[in-house]
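The structure appears right after this line, and notes come after that.
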2 protein chains.
Amino acid sequence: MSRQDIHNSGVPEVCQACQARHGGICGALSPEELTELNRHTKRVKVAAGSELLAEQQPIASYANILSGVVKLSKLLEDGRQQIVGLQFAPDLLGRPFRELSNVTAEAAVDAELCTFTRAALEQAVSGSHAMASRLHQQSLRELDDAREWMLTLGRKTASEKVASFLALIVSANDVGKEAPEAEPNVELPLSRGETADFLGLTIETVSRQMSALRKNEIIEFTNAYTVKVKDRAGLGAAAGT
Amino acid sequence: MSRQDIHNSGVPEVCQACQARHGGICGALSPEELTELNRHTKRVKVAAGSELLAEQQPIASYANILSGVVKLSKLLEDGRQQIVGLQFAPDLLGRPFRELSNVTAEAAVDAELCTFTRAALEQAVSGSHAMASRLHQQSLRELDDAREWMLTLGRKTASEKVASFLALIVSANDVGKEAPEAEPNVELPLSRGETADFLGLTIETVSRQMSALRKNEIIEFTNAYTVKVKDRAGLGAAAGT
DNA sequence: CGCGGTGTTGATCGTAATCAACGGCTGTGG
DNA sequence: CCACAGCCGTTGATTACGATCAACACCGCG
């Protein structure tokens with residue numbers, strides 16, 4: 001049995017090293033509350049492409065994202081699609097206080113989740129002001145992100161959009177690091193088609209703009225999904241912010 | 001002195017008929033809590049065009065919107081602008097839990113506000129779980145709206161965008177009504193230029209698409225800002241949802 | 001009455017969409 | 001092990017939608 005320092009005493013084993021206990025909502029809970037919530041959770045691995053929530057369908061379960069990337073999207077009747085958000089660990093998946101989801105959520109890459117029911121979430125929230133506050137903070141962060149992306153969708157050019165997407169992935173890659181890497185190597189969680197749906201563009205335009213960034217020596221591809229950013233400042237400038 | 005029924009006993013005079021006590025956050029407060037909050041509020045009228053919050057600037061005060069329309073916008077360095085949200089009574093203006101605003105807020109038309117400091121808001125929130133919940137609910141509603149608009153910005157055509165904007169104004173006009181009007185007369189809160197900034201289009205394109213809707217007998221103008229919707233179903237269809 | 005601001009309409013241009021061909025990687029079956 | 005099929009991404013050619021440039025109408029106001 002591993003040593004338990006005073007800080008972790010009483011914290012469930014599976015929660016000990018969990019990301020959600022740092023930035024995530026579980027960080028707001030006392031060991032006792034965490035133990036209680038943990039009685040209702042289940043850890044699952046989901047493969048890339050798995051549908052986790054469906055637009056206008058009941059939310060089967062909520063979940064903390066432990067690893068991987070989840071994409072949130074909306075559809076028009078004729079099939080046009082828009083990705084309206086990307087979620088990373090330790091974000092909470094599932095809209096609080098609502099029966100139905102208003103987005104489709106899908107694992108963009110293989111991911112691990114810590115799932116629980118709405119009842120369990122609501123119990124934890126009603127018992128803990130701090131938990132409610134964390135949840136609200138995350139909603140506000142998502143709102144800030146959505147509005148930032150509205151500016152990108154409405155007013156940026158195709159090349160600025162693609163650079164903005166890469167900058168977003170790079171900044172997600174930075175979190176938890178001491179300092180930003182000078183020439184980070186990042187794995188793109190989205191295919192060209194998904195990237196197009198995120199940016200309000202077509203596959204071809206995304207591809208062309210990626211090629212343009214490569215020709216300008218801002219980025220370098222080892223393959224279509226693995227990018228080394230050679231010029232972070234240049235990427236930021238190309239993103240228009 | 002006016003008669004006070006048991007329901008309103010102890011409720012401050014100015015709050016008696018206030019919109020914010022119905023859909024708004026003040027509805028969550030007891031008469032005592034309302035009285036306390038009211039000690040820190042100030043009602044103000046602001047003219048169309050007044051700047052209420054500035055991007056990246058400290059939030060001088062929070063406010064409930066009592067009447068009028070407030071537009072939230074973001075700027076790119078070269079002056080390109082995107083309106084990222086419209087707020088109506090009884091919405092709360094100002095981002096909770098944050099020193100700086102990340103949007104510019106401006107009265108789109110003459111408006112009335114009930115302002116208070118962040119300290120007063122935080123006191124009310126920390127003292128009332130119901131208040132915190134209302135606040136969170138509004139954040140979530142704004143998030144839903146933002147994502148819905150992302151779909152519009154990223155994937156709809158110019159004519160669908162303009163129809164979506166009119167549909168939005170019409171639906172805001174419906175709230176508080178028993179039943180939706182068949183042929184509502186609505187006042188547009190935005191100029192053509194602002195509408196363009198909301199839709200990610202240019203003034204000319206907005207104007208042309210408005211004219212197209214008029215030619216198709218979906219809408220009728222009495223002047224540039226006053227629209228009668230002659231065919232609600234047609235407008236919905238043109239909006240693509 | 002003339003001026004400035006806003007909105008509409010027309011003409012032309014340019015960016016991104018569409019249409020099309022091809023290349024590279026992967027996985028499968030001969 | 002190689003051949004081939006299918007998918008995804010890239011690149012090229014052409015089109016089309018909305019932007020830009022431009023002229024004018026309308027309205028309120030000094």
Side-chain angles (χ1 to χ4, degrees), chain A residues 47-49 71 76 78-82 108-109 152-166 169 187-216 218-227 238 240, chain B residues 47-49 71 76 78-82 108-110 152-166 187-216 218-227 238 240:
Chain A
K71 61 177 218 216
L76 246 23
D78 61 5
R80 280 175 285 173
Q81 186 169 175
Q82 176 66 44
V109 299
T152 299
L153 288 172
R155 288 304 187 198
K156 290 189 185 174
T157 64
S159 78
E160 289 169 332
K161 284 179 177 182
V162 170
S164 298
F165 168 66
L166 293 173
I169 299 304
E187 197 70 11
L188 302 183
L190 303 184
S191 69
R192 295 292 185 272
E194 292 171 318
T195 305
D197 283 341
F198 193 28
L199 296 171
L201 298 171
T202 59
I203 292 178
E204 295 93 327
T205 298
V206 170
S207 180
R208 277 184 242 277
Q209 298 303 335
M210 294 269 194
S211 298
L213 287 170
R214 176 170 44 74
K215 292 203 186 80
N216 294 334
I218 308 272
I219 59 175
E220 215 172 70
F221 284 99
T222 68
N223 64 51
Y225 287 87
T226 311
V227 185
Chain B
K71 62 178 218 215
L76 247 23
D78 61 5
R80 283 176 285 174
Q81 185 169 176
Q82 177 67 44
V109 300
D110 292 347
T152 298
L153 287 172
R155 286 308 187 195
K156 290 188 186 175
T157 64
S159 78
E160 290 169 330
K161 285 179 175 181
V162 171
S164 297
F165 168 65
L166 293 173
E187 198 68 12
L188 301 183
L190 303 184
S191 69
R192 295 293 184 271
E194 292 170 319
T195 305
D197 284 340
F198 193 26
L199 296 171
L201 298 171
T202 59
I203 292 179
E204 296 93 325
T205 299
V206 170
S207 180
R208 278 185 242 277
Q209 297 302 335
M210 294 270 193
S211 298
L213 288 169
R214 176 168 46 73
K215 292 203 186 79
N216 295 334
I218 308 269
I219 59 175
E220 217 172 71
F221 284 99
T222 68
N223 65 53
Y225 287 86
T226 311
V227 184

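Everything numeric here is computed off the predicted structure, so don't read it as measured data.
Residues forming a side-chain contact (heavy atoms from CB on, under 4.5 Å) with B:Asp110 (at least two apart in sequence, or on another chain): B:Ala47, B:Ala48. Contacts of A:Glu204 classified as salt bridge (Lys or Arg N to Asp or Glu O under 4.0 Å), with partners at least two apart in sequence or in another chain: none. Under the rule for a side-chain contact (heavy atoms from CB on, under 4.5 Å), the partners of A:Thr205 that lie at least two apart in sequence or sit in another chain are A:Ala158, A:Leu201, A:Thr202, A:Gln209. Among residues two or more places apart in sequence or in another chain, the side-chain contact (heavy atoms from CB on, under 4.5 Å) test is passed with A:Arg155 by A:Leu151, B:Leu76, B:Arg80, B:Gln82, B:Ala196, B:Asp197. Among residues two or more places apart in sequence or in another chain, the side-chain hydrogen bond (donor to acceptor under 3.5 Å, both in side chains) test is passed with B:Glu187 by B:Thr226. Residues passing the salt bridge (Lys or Arg N to Asp or Glu O under 4.0 Å) test with B:Lys156, sequence neighbours excluded: none.
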Exercise for the section: Determine, for nucleotides 6-21 of chain C in 5'-to-3' order, which nucleotides have protein heavy atoms under 4.0 Å from the base (write B), from only the sugar-phosphate (write S), or from neither (write -). Expected result: SSBBBB----SSBB--
Problem - Under 4.0 Å protein heavy-atom contact, by nucleotide of nucleotides 25-30 of chain D - B base, S sugar-phosphate only - result: ------
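Counting heavy atoms from C-beta outward, B:Phe165 and B:Val206 have side chains that stay 4.5 Å or more apart. Within the 4.5 Å cutoff, the side chain of B:Leu166 has heavy atoms near those of the B:Leu188 side chain.
One atom, CG of A:Leu213, and another, C1' of D:dT10, lie 15 Å apart when rounded to the nearest Å.
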